[in-house]
Chemist: 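After the structure tokens below, expect a handful of questions from me.
Whatever order the structure lists them in is the order used to number ligands and atoms, beginning at 1. Since the model is a prediction, treat every value here as computed from it, not as a measurement.
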Amino acid sequence: MKKKLIAGNWKMNGSLAGNETLVKGLLAGLGSPACHVALCVPSIYLAQMQALLNGSAIDVGAQDVSPHEVGAYTGEISGAMLNEFGTRYVLVGHSERRQYHFETDALVASKAQRALACGITPIVCVGETLAEREAGKTEEVVKRQLAAVIHTNGHCISEIVVAYEPVWAIGTGKTASVEQAQQVHAVLRAQLKAATPQADRIHILYGGSMNAANAAQLLAQPDIDGGLVGGASLKAADFLSIIASAL
Ligand code: PGA
């Protein structure tokens with residue numbers, strides 16, 4: 001069985017001093033984790049993370065990447081730049097970027113493509129809003145979001161990580177039930193299977209109010225291969241406890 005992946009998403013949180021305290025706390029309690037661990041941090045802290053995490057069991061991740069290679073794109077950060085700081089993963093299509101930065105499925109797909117071209121694993125986030133769930137559109141929405149990435153990336157799709165994050169569960173304390181989460185993960189797995197014979201090696205993470213209390217149950221589901229953890233990744237004890245439950 002493949003090792004699970006627990007990725008923290010710090011979002012727009014952190015400070016030089018606070019990051020150091022948090023990472024040192026994590027490293028002190030980590031031991032040899034049974035799963036892969038990553039921290040997706042604001043890009044301005046990548047150099048600090050590279051220094052703090054060098055040689056450790058925690059990989060460095062970013063939260064966004066430009067779909068462009070280089071040039072006149074003020075404010076953007078390229079995959080090649082992320083590479084210079086040892087970035088192993090990058091989030092693409094997080095619901096906060098889809099919502100506040102109007103990222104379309106096509107843009108998310110091209111960001112994933114750019115990341116792959118730079119040898120960085122894109123963590124492609126998909127998920128429905130509450131209105132979409134209540135309208136019975138959950139499957140349709142997540143399949144449409146993933147289809148765009150599959151369409152653009154062809155056989156490279158086996159190199160991505162998918163994160164299912166129901167928008168209504170993000171930062172709200174409302175976790176999807178294990179049944180709700182597993183059901184959508186199974187839909188995504190089937191879609192990946194139709195696209196690549198290597199679908200079983202693709203990690204499909206659950207995200208949305210995952211915490212120390214609910215992680216073990218979620219991670220025990222057959223198609224939940226890890227977690228994308230926001231709020232609970234900002235506290236060393238909570239994040240360590242989630243990591244410990246990813247067996
Ligand atoms: P949350 O965020 O764990 O705070 O709900 C998850 C995410 O948005 O990645």
Side-chain angles (χ1 to χ4, degrees), residues 4-14 18-19 22 26 35-43 45 49 58-65 87-103 108 111-112 115 120-130 132-133 138 141-142 145-146 149 160-178 180-182 184-185 188 203-219 221 224-246:
K4 293 193 163 39
L5 166 63
I6 302 294
N9 173 12
W10 285 4
K11 311 194 178 189
M12 198 176 74
N13 293 289
N19 300 345
L22 176 53
L26 289 174
C35 61
H36 302 288
V37 182
L39 293 176
C40 298
V41 305
S43 290
Y45 295 131
M49 288 304 122
I58 303 182
D59 286 314
V60 180
Q63 298 177 5
D64 189 27
V65 63
T87 306
R88 167 95 177 71
Y89 298 98
V90 63
L91 303 180
V92 297
H94 190 280
S95 63
E96 287 149 18
R97 296 215 53 93
R98 291 181 191 262
Q99 188 181 346
Y100 306 137
H101 300 268
F102 312 106
E103 295 198 3
V108 172
K111 288 184 172 193
I120 299 169
T121 302
I123 301 179
V124 176
C125 305
V126 300
E128 81 287 2
T129 62
L130 185 58
E132 288 163 342
R133 174 161 284 267
T138 298
V141 169
V142 298
Q145 292 172 333
L146 184 56
V149 178
I160 73 167
V161 169
V162 177
Y164 168 55
E165 297 203 309
V167 178
W168 47 272
I170 294 177
T172 58
K174 279 190 210 158
T175 322
S177 69
V178 287
Q180 284 172 325
Q182 166 56 30
V184 177
H185 280 237
L188 295 170
H203 285 86
I204 308 179
L205 315 182
Y206 170 79
S209 298
M210 183 181 268
N211 58 38
N214 62 28
Q217 250 198 320
L218 285 160
L219 294 168
Q221 299 306 303
I224 300 186
D225 307 311
L228 180 56
V229 185
S233 71
L234 298 172
K235 292 184 198 126
D238 290 8
F239 197 52
L240 284 170
S241 148
I242 294 172
I243 292 167
S245 57

Chemist: Does ligand 1 have an atom that lies less than 4.0 angstrom from a heavy atom of S209?
Modeler: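 The answer is yes, since S209 has a heavy atom less than 4.0 Å from ligand 1.
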
Chemist: Are E96 and I170 packed together at the side-chain level, in the sense that at least one heavy-atom pair is separated by less than 4.5 angstrom?
Modeler: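 Yes - at least one pair of side-chain heavy atoms lies under 4.5 Å apart.
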
Chemist: Parallel, tilted or perpendicular: which one describes the rings of Y206 and H185, with boundaries at 30° and 60°?
Modeler: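 Correct class here is tilted.
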
Chemist: Within the structure provided, determine whether V60 and R88 are in side-chain contact (heavy-atom separation under 4.5 Å).
Modeler: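 V60 vs R88: side chains apart.
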
Chemist: Would the distance check show the side chain of S209 and the main-chain N or O of A169 forming a donor-acceptor pair, the cut-off being under 3.5 Å?
Modeler: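 Yes, the answer is positive, given that a donor and an acceptor are paired below the 3.5 Å cut-off.
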
Chemist: Enumerate the atoms of ligand 1 whose separation from the nearest heavy atom of H94 is less than 4.0 angstrom.
Modeler: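 Reading through ligand 1 atom by atom, the close ones are 7 (C), 8 (O), 9 (O).
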
Chemist: Which option out of G230, G171, G8, G127 puts a heavy atom nearest to atom 5 (O) of ligand 1?
Modeler: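 Heavy atom nearest to atom 5 (O) of ligand 1 belongs to G171.
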
Chemist: Could you check if a side-chain atom of L5 sits within less than 4.5 angstrom of a side-chain atom of D225, using non-hydrogen atoms only?
Modeler: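 No; the side chains remain at least 4.5 Å from each other.
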
Chemist: Which residue supplies the protein heavy atom nearest to atom 4 (O) of ligand 1, what is that atom called, and how far is it?
Modeler: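 Here the nearest protein heavy atom works out to G231 N, 2.8 Å.
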
Chemist: Which is it for I170 and ligand 1 at heavy atoms under 4.0 Å: side chain, backbone, both or neither?
Modeler: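 The answer is both, backbone and side chain.
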
Chemist: Numbering the atoms of ligand 1 from 1, which are under 4.0 Å from a heavy atom of K11?
Modeler: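 Counting atoms of ligand 1 from 1, those under 4.0 Å from K11 are 2 (O), 7 (C), 8 (O).
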
Chemist: Is there at least one pair of N or O atoms, one from E165 and one from ligand 1, spaced under 3.5 Å apart?
Modeler: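 Checking ligand 1 against E165, an N or O pair does fall under 3.5 Å apart.
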
Chemist: Specify the closest pair of heavy atoms between V65 and A115, including all atoms of both residues, with the distance to one decimal.
Modeler: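 In this case the closest contact between V65 and A115 is CG1-CB, 4.5 Å.
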
Chemist: Numbering the atoms of ligand 1 from 1, which are under 4.0 Å from a heavy atom of A169?
Modeler: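 Taking each heavy atom of A169 in turn, ligand 1 has 5 (O) under 4.0 Å.
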
Chemist: Got a donor-acceptor contact below 3.5 angstrom from the Q145 side chain to the G127 backbone?
Modeler: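 Here the side-chain-to-backbone pair exists.
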
Chemist: Can you list the ligand 1 atoms lying under 4.0 Å from a non-hydrogen atom of G208?
Modeler: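 Result: 5 (O).
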
